[in-house]
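Structure record follows, encoded as structure tokens.
Note on naming: letters A, B, ... go to the chains in the order of the sequence lines (proteins, then strands), and numbering restarts at 1 for each one.
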Protein chains: 2
Amino acid sequence: MAIPRAAKTLRRTRIQEEKEEQILEAALDVFSARGFRGSTIDQIAEVAGMSKPNLLYYFRTKEAMHRALIDRVLYTWLEPLRAFDAEGNPEEEIRSYIRRKLEMARDFPRESRLFANEVLQGAPHIEDELKGPLKELVDEKAEVIRAWAKSGKIAKCDPYHLIFSIWSTTQHYADFDVQVRAVLGQEHAGDGRFEDAARFLEQLFIGGLRPDTSGT
Amino acid sequence: MAIPRAAKTLRRTRIQEEKEEQILEAALDVFSARGFRGSTIDQIAEVAGMSKPNLLYYFRTKEAMHRALIDRVLYTWLEPLRAFDAEGNPEEEIRSYIRRKLEMARDFPRESRLFANEVLQGAPHIEDELKGPLKELVDEKAEVIRAWAKSGKIAKCDPYHLIFSIWSTTQHYADFDVQVRAVLGQEHAGDGRFEDAARFLEQLFIGGLRPDTSGT
DNA sequence: CGGATATTTGACCGATTGGTAAACATTACA
DNA sequence: TGTAATGTTTACCAATCGGTCAAATATCCG
């Protein structure tokens with residue numbers, strides 16, 4: 001048959017739907033844990049519970065799997081930033097953005113690590129997405145933040161570096177999870193660490209962005 | 001022959017000194033860019049400008065290279081945190097810690113990425129270092145920060161998450177460099193981005209940690 | 001110099017890599 | 001039910017992987 005291979009048919013079968021799901025789930029497991037180059041098709045096949053050629057029947061190459069995964073995850077990943085509302089209350093918008101990003105780090109650590117691995121190794125497969133859609137979205141939201149700062153609702157600050165800081169601090173709990181656990185030790189490495197992190201980060205960002213009451 | 005292989009001799013020759021240096025330099029290049037599993041001995045050999053067997057004459061395995069590299073870099077990497085002085089002025093200590101970490105991200109991005117790759121993929125080679133020396137150092141400095149908070153010199157906050165935040169925000173500029181550049185665009189992706197980042201992060205952390213003047 | 005020691009290399013090894021070919025099994029549907 | 005389309009597997013491929021070995025070469029030092 002081979003819709004995936006030749007797209008002879010237009011509709012996708014139930015089996016296709018299921019198997020592709022299975023494969024991408026397994027691929028997420030493997031790619032996020034070992035990076036693209038460090039992963040092998042055999043590993044993905046084993047996790048997915050199917051043979052290698054079977055897997056290659058649905059995705060012709062290792063790259064195709066990776067690409068499908070990236071495409072699927074990228075949109076979801078930017079959802080919290082997209083929800084950033086220019087009309088909302090600045091303090092509350094920032095607070096909820098932090099909370100959402102932290103929830104994603106907690107609930108979807110593999111997705112976070114997938115991107116981290118990719119970007120860390122030079123983003124060879126997603127350079128276009130970074131320079132295109134991502135940059136545009138960030139530019140737009142940076143403008144919102146700049147406007148807030150200008151009108152005195154928050155402190156004057158560089159909106160890009162603010163966004164970078166929220167990204168890095170929140171994703172840290174997914175990407176550097178083993179380090180966080182190791183440092184916190186068994187006593188504090190339970191799920192409570194996300195609540196502690198949320199409390200600290202809100203304090204940090206809300207405090208750090210409080211508009212200057214004195215005239216600097 | 002073969003000090004590295006059998007340690008028959010006690011002194012290391014000049015050639016050994018030089019070649020090992022050359023190899024580790026090349027290994028840093030490759031490992032930091034592709035992760036341990038994604039790297040090959042051949043790649044390192046090519047960057048080092050020598051043959052693969054020659055390289056394996058100095059380091060018997062790929063793992064040995066990686067371990068030597070980690071060991072060498074780890075100490076240096078924790079230097080800024082070690083310099084954190086309990087007797088100093090809190091605000092100034094935090095400010096200079098941020099600045100130092102940011103300088104390291106700028107001047108030694110490969111070292112940062114080496115660790116990031118390692119930790120991201122579950123820290124299979126440095127788990128002991130994380131749970132031992134790293135945790136101890138962080139515990140010690142966290143106590144310092146806690147004391148500052150208790151005496152009202154800075155705001156009450158979770159010292160561990162404060163340290164995580166400084167780590168993540170500063171290392172972000174090394175580890176996610178391509179993303180930062182992509183988002184900032186060509187206009188703002190020059191070296192000035194580190195100064196902008198420093199300015200923003202100091203504002204964020206100093207502001208966010210300013211002791212409560214009102215009684216919460 | 002000359003011999004001992006240290007360094008370097010080309011040829012090679014078995015295992016694993018990403019991927020293919022074709023036979024075989026299953027499913028959907030007229 | 002029959003058959004064409006779809007799905008799965010076994011056997012295999014060339015390339016690359018980490019690593020070895022013996023022979024060749026360079027260096028050191030008396």
Under 3.5 Å, which protein N or O atoms sit close to an N or O of nucleotides 26-28 of chain D? Give each pair with its distance.
unit_1: dC28(D); atom_1: OP1; unit_2: R14(B); atom_2: NH2; d: 2.9

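Salt-bridge annotation for E103(A) and R106(A): absent, with no side-chain N of the basic residue lying under 4.0 Å from a carboxylate O of the acidic one. Of the charged side-chain nitrogens involved, none lies within less than 4.0 Å of a carboxylate oxygen, so that E63(B) and R67(B) do not count as a salt-bridged pair. Using a 4.0 Å cut-off between charged nitrogen and carboxylate oxygen, D196(B) and R193(B) do not count as a salt-bridge pair. Between D158(A) and R199(B) there is no salt bridge, since none of the side-chain N atoms of the basic residue sits less than 4.0 Å from a carboxylate O of the acidic one. In this structure, K52(B) pairs ionically with D42(B), as a charged nitrogen and a carboxylate oxygen lie closer than 4.0 Å.
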(request) Tell me, with the steps shown, if F194(B) and H161(A) meet ring pair (Phe, Tyr, Trp, His ring centres under 6.0 Å). (result) CA-CA 10 Å; F194(B) 284 99; H161(A) 293 282; 9.1 Å; no
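With rounding to whole Å, L56(B) atom CG is found 18 Å from dC13(C) atom P. At whole-Å resolution of the value, NZ in K62(A) and C1' in dT20(C) are 17 Å apart. Protein atom CD of Q43(B) is 14 Å distant from nucleotide atom C1' of dT17(C), rounded to whole Å. The interatomic distance linking D42(B) (CG) with dT16(D) (C1') rounds to 8 Å, in whole Å. Taking atom CD on Q16(A) and atom P on dT27(C), their separation rounds to 15 Å, with Å as the unit. If you measure from atom CZ of R60(A) to atom C1' of dG7(D), you get 17 Å, rounded to the nearest angstrom. Rounded to an integer number of Å, the gap from L55(B) CG to dT9(C) C1' is 13 Å. In this structure, the CE atom of M50(A) is 12 Å from the P atom of dG7(D), given to the nearest Å.
Between S51(B) and dT8(C), a side-chain N or O to OP1/OP2 separation shorter than 4.0 Å is absent. At dT8(D), none of the side-chain N or O atoms of Y57(A) fall inside 4.0 Å of OP1 or OP2 (strictly under the cut-off). Contact annotation: N54(B) reaches the phosphate of dT9(C) (side-chain N/O to OP1 or OP2, under 4.0 Å). OP1 or OP2 of dA6(C) has not a single side-chain nitrogen or oxygen of Y58(B) nearer than 4.0 Å.
Between F164(B) and H172(A), the ring-plane angle classifies as tilted under the 30° and 60° cut-offs.
For R82(A) and Y75(A), the positive end sits near the middle of the six-membered ring, less than 6.0 Å away and at most 45° from its axis.
Note on K52(B): a base of the nucleic acid sits closer than 4.0 angstrom, heavy atoms only.
Residues from residues 21-41 of chain A lying near DNA chain D, meaning a heavy-atom separation below 4.0 Å, are absent.
In terms of the side-chain contact (heavy atoms from CB on, under 4.5 Å) criterion, residue partners of R72(A) (sequence neighbours excluded) are, by chain and number, E21(A), L24(A).
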